[in-house]
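Remember, it's a predicted structure, so these values are computed and weren't measured experimentally. Basis for what follows: all heavy atoms, side chains included, without hydrogens, waters or symmetry-related copies.
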Amino acid sequence: MQHRTASAAVLGITALTLAILPGCSPSSPARTTTSSSDSAAPRPDGNGRGDAVLSSPELAVRLLDENDLVTGYTRKPDRPSGGDADVTVLGCPALDDLGADAATGSGGGLDFPRSAKTAFTYTGSGEVTEELYSDAAIKLSDGTGRIFDAMTGCPAYQVLAGSTPVDIATQEAPAPRLGDERWSHLLTFSSGGAETVVKQTAIRDGSVLLIVSGSPALVDRHLDTALAKATATG
């Protein structure tokens with residue numbers, strides 16, 4: 001069977017693989033959509049609050065910075081564009097297809113043109129990455145949901161990050177009741193006897209999509225602050 005190769009970019013988890021933290025073309029499972037208590041959440045039709053599409057520079061100033069994180073955090077330098085290793089997806093055809101689409105620019109990955117990203121290390125024990133995207137609400141919803149939904153049927157798979165095999169197990173995580181739509185999962189990366197658990201939570205609020213990835217405790221700690229800053233008005 002031929003496996004397609006994807007440039008690390010979908011939801012920002014391949015660089016994460018070798019660290020072992022964010023950047024492998026795959027993303028993970030479990031889309032958390034409306035439950036009974038969520039039924040009043042607005043539909044992603046672009047009508048309503050927060051529907052103004054923001055530019056990349058506007059998103060960049062809404063990213064967390066050292067002042068928001070308080071002490072113990074160091075910003076990681078930006079990686080050169082195109083510097084990610086290719087990722088071959090094994091054992092998950094749906095993700096394989098999505099990765100290939102993202103690599104060729106034909107859709108399927110989070111390739112929204114308006115975006116901003118930052119990442120921090122925390123006092124030698126943990127990392128956290130924040131990504132912001134802006135587009136029409138329906139586009140953000142469909143793009144993000146498609147990736148998370150693909151992972152629902154692939155609780156375990158493998159990627160080759162360059163020549164390094166990495167086993168990945170995925171597990172749905174409770175998503176906080178924030179924004180208009182939300183998704184969350186845990187990814188366990190295993191390679192060379194080492195194991196790292198990464199949490200990834202995505203929140204769509206109007207025309208803004210926030211993704212926070214990294215050490216589970218750090219993701220939980222900073223998600224509310226990140227969303228408040230990302231969606232602030234005035």
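Under the 3.5 Å distance criterion, with hydrogens and angles disregarded, no donor-acceptor pair is assigned to the side chains of R204 and S141.
Between the side chain of T170 and the main chain of C154, a donor-acceptor pair closer than 3.5 Å is present. Remark: side-chain polar atoms of S56 are not paired, donor with acceptor, to backbone N or O of A116 under 3.5 angstrom. A donor-acceptor pair under 3.5 Å is absent between the side-chain atoms of S207 and the main chain of A136, judged by distance alone. Judged by distance alone, with hydrogens and angles left aside, the side-chain atoms of D180 form a donor-acceptor pair with the main-chain N or O of G206 at under 3.5 Å.
The shortest non-hydrogen separation linking P216 to L186 is CG-CD2, 4.3 Å. Nearest heavy atoms, G91 versus P93: C-CD, 4.0 Å. Of all the heavy atoms in T201 and S184, the pair that sits closest is OG1-OG, 2.8 Å. Taking all atoms of both residues into account, the shortest heavy-atom contact from V219 to V212 is CG1-O, 3.8 Å.
Atoms CZ and CZ, on R182 and R177 in that order, are 7.5 Å from each other to the nearest 0.5 Å. Distance check, rounded to the nearest 0.5 Å: NZ of K199 to CG of L187 gives 11.5 Å. Here the OG1 atom belonging to T129 is positioned 10.5 Å from the CG atom belonging to L218, to the nearest 0.5 angstrom. To the nearest 0.5 Å, atoms CD (E127) and OG1 (T196) are separated by 9.5 Å. Remark: L59 CG to T118 OG1 distance equals 13.0 Å, nearest 0.5 Å. W183 CH2 to E172 CD: the interatomic distance, rounded to the nearest 0.5 Å, is 13.0 Å.
Using a 4.5 Å heavy-atom cutoff, the side chains of L223 and L210 are in contact. For the pair L54 and R114, the minimum side-chain heavy-atom distance is 4.5 Å or more.
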Q.
Quick one, I211 with Q200, criterion side chain to side chain contact (heavy atoms under 4.5 Å, CB included). Give me CA distance, side-chain angles, the key distance, then yes/no.
A. CA-CA 7 Å; I211 300 172; Q200 186 173 62; 3.8 Å; yes

Q. Under the side chain to side chain contact (heavy atoms under 4.5 Å, CB included) criterion, do T225 and L69 qualify, and how do the steps go?
A. CA-CA 9 Å; T225 302; L69 299 174; over 6 Å; no

Q) Should E130 and F120 be marked as a side chain to side chain contact (heavy atoms under 4.5 Å, CB included) after you check the CA-CA gap, both sets of side-chain angles, and the distance that decides it? A) CA-CA 9 Å; E130 179 189 11; F120 299 87; 5.8 Å; no

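For T231, the side chain to side chain contact (heavy atoms under 4.5 Å, CB included) test picks out D205, L227, with sequence neighbours left out. Residues satisfying the ring pair (Phe, Tyr, Trp, His ring centres under 6.0 Å) test with Y73, not counting sequence neighbours, are Y122, H222. Remark: K229 pairs with D65, D68 by the salt bridge (Lys or Arg N to Asp or Glu O under 4.0 Å) rule, at least two apart or across chains. For R221, there are no salt bridge (Lys or Arg N to Asp or Glu O under 4.0 Å) partners two or more places apart in sequence or in a different chain. For S55, the side chain to side chain donor-acceptor pair (under 3.5 Å) criterion is met by E58, not counting sequence neighbours.
The salt bridge (Lys or Arg N to Asp or Glu O under 4.0 Å) pairs that include a residue from residues 156-168 number zero, where partners must be two or more places apart or lie in different chains.
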